[in-house]
Amino acid sequence: MDFCYIEDIGKHEGEKVTLKGWLYNKRSKGKIHFLLVRDGTGIIQCVLTKGEVADNIFNTSDELTQESSLEVTGTVRQDQRAPGGYELNLSDLKIIQIAQDYPITPKPHGTTFLFDHRHLYLRSRRPHAILKVRNELIWAIRNYFYKNKFVLIDTPLLTGSVGETTSTLFETQYLNEGKAYLAQTGQLYLEAAIAAFGKVYCFGPTFRAEKSKTRRHLTEFWMVEAEEAFYDNDDNMDLQEDFLIFIVNWILEKCQEELKELERDISPLEKVKKPFYRISYDEAVEKLKKAGSKIEWGTDFGGEDETILTKMFDRPVFVYNYPKKARAFYMKPHPTRDDVVLCADLLAPEGYGEIIGGSQRNDDYDSLVQRIKEENLPLDAYKWFLDLRKYGSVPHSGFGLGVERTLTWICGLSHIRESIPFPRTIYRLYP
RNA sequence: UCCCGAGUAACUCAGUCGGUAGAGUAGGUGGCUGUUAACCACCCUGUCGCUGGUUCGAGUCCAGCCUCGGGAGCCA
């Protein structure tokens with residue numbers, strides 16, 4: 001390799017190095033030019049002084065425009081005046097390509113403009129920082145499951161039978177086999193895999209065709225789902241707690257710089273420790289009513305309800321045992337109550353709300369058949385799913401964590417669209 | 001689908017009572033030997049979202065439509 005990266009520049013103090021990258025910004029003081037060069041790993045200020053560098057090289061820098069690609073060679077020097085602490089005294093400068101009229105200037109832009117130029121906006125500091133945190137978040141998730149001996153099971157994205165019953169699906173013609181749907185969950189397939197592997201997880205994109213128009217919704221988002229044989233609903237919550245603490249600690253350890261760039265107050269993240277609060281749906285409704293919410297027992301929380309609720313707690317809170325009629329057919333009925341199921345949602349603090357939905361699954365053949373019928377679902381589509389209850393059925397539980405919602409909370413973002421490289425929302429399919 | 005709000009220069013916006021379009025940024029030219037979103041001077045930039053209406057005259061008032069943003073619902 002004949003060049004080095006800006007993040008390693010501290011190892012080369014006093015040495016002559018070559019960097020390859022893009023011009024982030026430039027300033028000139030006439031006979032001194034300052035070039036801010038970025039290479040994906042950082043930003044460094046390069047200095048060209050007339051008289052100390054060949055005239056043709058000094059003049060070359062006049063041609064540079066924002067985001068032109070270039071190669072620079074110079075001596076690394078520590079300097080407190082430089083952003084980043086180090087700067088490069090240039091001895092050589094080669095233009096790779098001159099960028100013409102780069103649309104994103106160092107001045108404020110509106111979100112529509114920025115997301116119309118998302119392919120370029122990725123280069124800016126804020127999205128760059130967020131997506132670096134995303135990278136670590138995903139690594140932490142995979143790392144946690146690997147360390148805890150969960151087996152990765154990739155579940156299909158094209159499915160015939162539907163997963164849950166409530167949400168709207170993207171539909172496509174599947175050759176000669178009729179309609180296929182883009183997956184909204186891999187859970188049912190994971191339930192098949194636990195009897196083979198015990199503890200499993202899947203991680204992939206999921207799709208919802210709902211015309212949701214809020215700061216918490218994407219039509220395409222990434223979800224990690226885990227499924228565990230012989231775990232009951234409480235074991236499931238213990239696991240989620242441990243899992244979330246692991247990934248938050250990982251981010252706190254690895255992403256100090258990025259969180260600082262995002263001006264994220266990390267004190268709420270530092271409070272993510274055992275035990276999380278656990279309240280029943282019944283208690284949550286009581287608390288909300290006392291706080292003035294119009295919620296009625298039996299309905300799901302609205303966005304506002306979630307915000308009120310999470311602001312009552314300084315750590316994540318589980319709300320467990322929701323009304324049966326507000327939850328999916330596959331959840332296990334409560335052993336002594338007919339109106340609730342064994343499940344739990346995990347709500348992130350600071351008003352962010354639901355990031356995990358989980359439940360113990362219905363492992364009883366007859367009762368599951370009954371629930372499928374009650375929901376008017378086609379029994380034959382679920383034949384394989386029902387088979388799992390015929391051949392060595394066991395108590396089991398699982399959960400799904402929304403990656404973008406989690407990242408939105410960890411980074412303290414105000415809109416989920418910033419948490420994914422190329423967001424797909426109700427009105428956005430470009431770029 | 002419903003309720004708000006916004007569409008004016010490449011970008012961010014201002015535009016008073018209806019009187020014929022203006023700032024900053026970007027771009028261009030010149031100046032400046034330590035700039036930090038550099039600064040200073042000058043120059044350039046318009047289908048005022050679209051269609052129609054009222055008027056001597058519409059960016060401005062009225063109607064309809066389009067697009068986008070925020071929220072609700074739905075959902076992770």
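Naming convention: chains lettered A, B, ... in sequence-line order (proteins, then strands); numbering from 1 in each chain.
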task: Test Trp250(A) against Tyr144(A) for ring pair (Phe, Tyr, Trp, His ring centres under 6.0 Å), laying out the working first.
output: CA-CA 10 Å; Trp250(A) 182 278; Tyr144(A) 180 87; over 10 Å; no
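Ion pairing between Lys20(A) and Asp39(A) fails under the 4.0 Å rule for side-chain N and carboxylate O. A salt bridge links Asp242(A) to Lys274(A): at least one charged side-chain nitrogen sits closer than 4.0 Å to a carboxylate oxygen. A salt bridge does not link Lys254(A) with Glu136(A): every distance from a Lys NZ or Arg NE/NH1/NH2 to an Asp or Glu carboxylate oxygen is 4.0 Å or more.
Here the separation of A14(B) from G53(B), taken at their P atoms, is 30 Å to the nearest Å.
The cationic group of Arg315(A) does not satisfy the cation-pi geometry with Phe276(A), failing either the under 6.0 Å distance to the six-membered ring centre or the 45° limit from the ring axis. Judged by the 6.0 Å and 45° rule, Arg371(A) forms no cation-pi pair with Tyr330(A).
Across all strands shown, Phe113(A) has heavy atoms under 4.0 Å from sugar-phosphate atoms exclusively, and none from any base. Asp79(A) comes within contact range of at least one nucleobase, with a heavy-atom separation under 4.0 Å. Glu404(A) comes within 4.0 angstrom of no nucleic acid atom, judged by non-hydrogen atoms across all strands. Among the heavy atoms of the strands lying under 4.0 Å from Leu218(A) is at least one base atom, whether or not backbone atoms are also near. At the heavy-atom level, Ser28(A) lies under 4.0 Å from base atoms of the strands shown. Note on Gly110(A): only backbone sugar-phosphate atoms sit closer than 4.0 angstrom, heavy atoms only; bases stay farther off. Among the heavy atoms of the strands lying under 4.0 Å from Gly30(A) is at least one base atom, whether or not backbone atoms are also near.
Atom-to-atom, CD of Glu306(A) to P of A72(B) comes out at 11 Å; the value is rounded to the nearest Å. When the P atom of A37(B) is taken as reference, atom CD of Glu261(A) falls 12 Å away, rounded to whole Å.
Dense packing is recorded around CZ of Phe170(A), with more than 12 heavy atoms of other residues, nucleotides or ligands lying under 6.0 Å away.
Taking the ring centroids of Phe150(A) and Phe243(A), they lie at or beyond the 6.0 Å cut-off.
With C74(B), U1(B), C32(B) as the candidates, the nucleotide lying closest to the side chain of Ser212(A) is C74(B).
For G34(B), the base has a donor-acceptor partner in the side chain of Glu87(A) [N/O atoms by modelled type, under 3.5 angstrom]. With hydrogens and angles ignored, no donor-acceptor pair under 3.5 angstrom links the side chain of Thr105(A) to the base of C11(B).
Consecutive Watson-Crick or G-U pairing (both distances under 3.5 Å) extending over three or more pairs maps onto RNA chain B as B:1-7 with B:66-72, B:10-13 with B:22-25, B:27-31 with B:39-43, B:49-53 with B:61-65.
Nearer to the 5' terminus of RNA chain B, by closest-nucleotide assignment, is the contact made by Asp101(A) (compared with the other of Ala82(A) and Asp101(A)).
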Please list, pair by pair, any protein nitrogen or oxygen found under 3.5 Å from a nitrogen or oxygen in nucleotides 68-70 of chain B.
unit_1, atom_1, unit_2, atom_2, d
C68(B), O2', Thr112(A), OG1, 3.0
G70(B), OP1, His415(A), NE2, 3.1
G70(B), OP1, Arg417(A), NH1, 2.9
G70(B), OP1, Arg417(A), NH2, 3.0
G70(B), O3', Arg215(A), NH2, 3.1
G70(B), N7, Lys213(A), NZ, 3.0
G70(B), O6, Lys213(A), NZ, 3.3

